[in-house]
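Throughout, residue positions are numbered sequentially from 1 according to the sequence presented. When reading the values below, keep in mind they use all heavy atoms of this one structure, side chains included, and skip hydrogens, waters and symmetry mates.
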Amino acid sequence: MTMDFNSPDFGARTPVPTSKPPSVWKQSAVLIGGFVLALYVIEIADAISGQHIQNAGVTPRTLDGLWGILFAPVLHDDWAHLIANTIPVLILGYLVLVSGISRGLAATGIIWLIGGVGVWLFAGAGYNHVGASVLIFGWVTYLLVRGFFTRSFTQILIGVVVFVIYGGVLWGVLPSDPQVSWQGHLFGAIGGVVAAWALASGDRTKRAGAVTSF
C-alpha cells in the first residue's frame, strides 16, 4: 500500500469528540444531594462521638462560639432533628441552585454568615445553637423575594409556589418553644432577603443602563 503525501487529507486533524458538561439541573441535584449526604455522615460521626461534635455550634457571645458560625448549619441535635430538615433542604436548596450554581452558592454563603452572626450577637446566652434550619429559612425568603428584585416573572412564580408550600414555616421566626432557636430562623430569613437584594445588583444596573435620558 502506498501513501500519497501530497493528498490534502494526509496529516489532517479530526476533532476529538468531547462530552457535554452536565446540565445545571444535574449539577444542582448532585450538589444538594452531596450536601445532605454530608449531613448524615456528620450525624453518624456525632453519634459515635457520644454527641460531642454537635457542641461545636454557635454559643452566643463567646469566643469559642464564633467557630459555630461556620459549623452550626451542618450539625443537628439528634436524628429526628436532621430527618425533619432533610426534605426542606433537598427541595429548597435545589431550587436555589438550579437558577444558577454560582448565584445559589453565593446566596447560601450570605445566609450562612448573616444567620450565624445574628445568632451569636443576639441569641440567649448559655445555649448551643445548631441545625440547617437557618439555611431553610434563608432559602425560603430568598426564593420568595428574589423575583421582585430581578423583575423575573419565572422567579416570582417560583416564589408564589414556595410561599404556598413553605410560607407557613415563617411563623418560626417568632419566639415559641424555648428549645427551638427562633433567632436562627429569624436571622436566616433576614439573610435570605439580603442575599436576594445583593445578588440582584447586576439586574438593577442593567435596568438603569437601559433607561434613555433626554
Are the side chains of [Y] and [X] in contact, using a 4.5 Å heavy-atom criterion?
{"X": "Val58", "Y": "Asn128", "value": "no"}
{"X": "Val96", "Y": "Leu143", "value": "yes"}
{"X": "Phe137", "Y": "Leu92", "value": "no"}

Residues forming a side chain to side chain contact (heavy atoms under 4.5 Å, CB included) with [X], sequence neighbours excluded:
{"X": "Val180", "answer": "Asp177, His185"}
{"X": "Ile53", "answer": "Ala45, Asp46, Ser49, Leu75"}
{"X": "Ser102", "answer": "none"}
{"X": "Val117", "answer": "Ile69, Leu113, Leu121"}

Enumerate the side-chain hydrogen bond (donor to acceptor under 3.5 Å, both in side chains) contacts for residues 66-79, please, sequence neighbours excluded, ordered by first and then second residue.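 Only Gln54-Asp77, His76-Asn85 qualify under side-chain hydrogen bond (donor to acceptor under 3.5 Å, both in side chains).
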Among pairs that include at least one residue of residues 134-145, which meet side-chain hydrogen bond (donor to acceptor under 3.5 Å, both in side chains), considering only residues two or more places apart or in two chains?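 For residues 134-145: Thr108-Trp139.
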Quick one: list whatever passes side chain to side chain donor-acceptor pair (under 3.5 Å) with Thr86, sequence neighbours left out. Tyr40
Thr59: side chain to side chain donor-acceptor pair (under 3.5 Å) partners, not counting sequence neighbours: none
Establish whether [X] and [Y] are linked, either directly or via other cluster members, by ILVMFWY side-chain heavy-atom contacts under 4.5 Å.
{"X": "Ile42", "Y": "Ile48", "result": "yes"}
{"X": "Val30", "Y": "Trp25", "result": "no"}
{"X": "Val24", "Y": "Ile32", "result": "yes"}
{"X": "Val145", "Y": "Leu157", "result": "no"}
{"X": "Ile44", "Y": "Val36", "result": "yes"}

Point-to-point distance, once rounded to the nearest 0.5 Å, from [atom1] of [X] to [atom2] of [Y]:
{"X": "Arg146", "Y": "Arg103", "atom1": "CZ", "atom2": "CZ", "answer": "8.5 Å"}
{"X": "Ile156", "Y": "Ser152", "atom1": "CD1", "atom2": "OG", "answer": "7.0 Å"}
{"X": "Leu39", "Y": "Ile83", "atom1": "CG", "atom2": "CD1", "answer": "12.0 Å"}
{"X": "Ile158", "Y": "Leu95", "atom1": "CD1", "atom2": "CG", "answer": "6.5 Å"}

Side-chain polar contacts of residues 162-170 - donor-acceptor pairs under 3.5 angstrom, sequence neighbours left out - could you list them?
none

Specify the closest pair of heavy atoms between [X] and [Y], including all atoms of both residues, with the distance to one decimal.
{"X": "Gly68", "Y": "Pro73", "value": "O-CD, 4.3 Å"}
{"X": "Thr150", "Y": "Ala200", "value": "CG2-CB, 3.9 Å"}
{"X": "Ile136", "Y": "Pro88", "value": "CD1-CB, 3.7 Å"}
{"X": "Ala189", "Y": "Val173", "value": "CB-CG1, 4.2 Å"}
{"X": "Trp182", "Y": "Gly172", "value": "CB-O, 3.6 Å"}
{"X": "Ile111", "Y": "Ala195", "value": "CG1-CB, 4.5 Å"}

Write out all pairs satisfying ring pair (Phe, Tyr, Trp, His ring centres under 6.0 Å) with one or both partners inside residues 94-133, taking only residues at least two apart or from two chains. Phe122-Phe187
Does Leu63 CG have over 12 foreign heavy atoms under 6.0 Å away? no
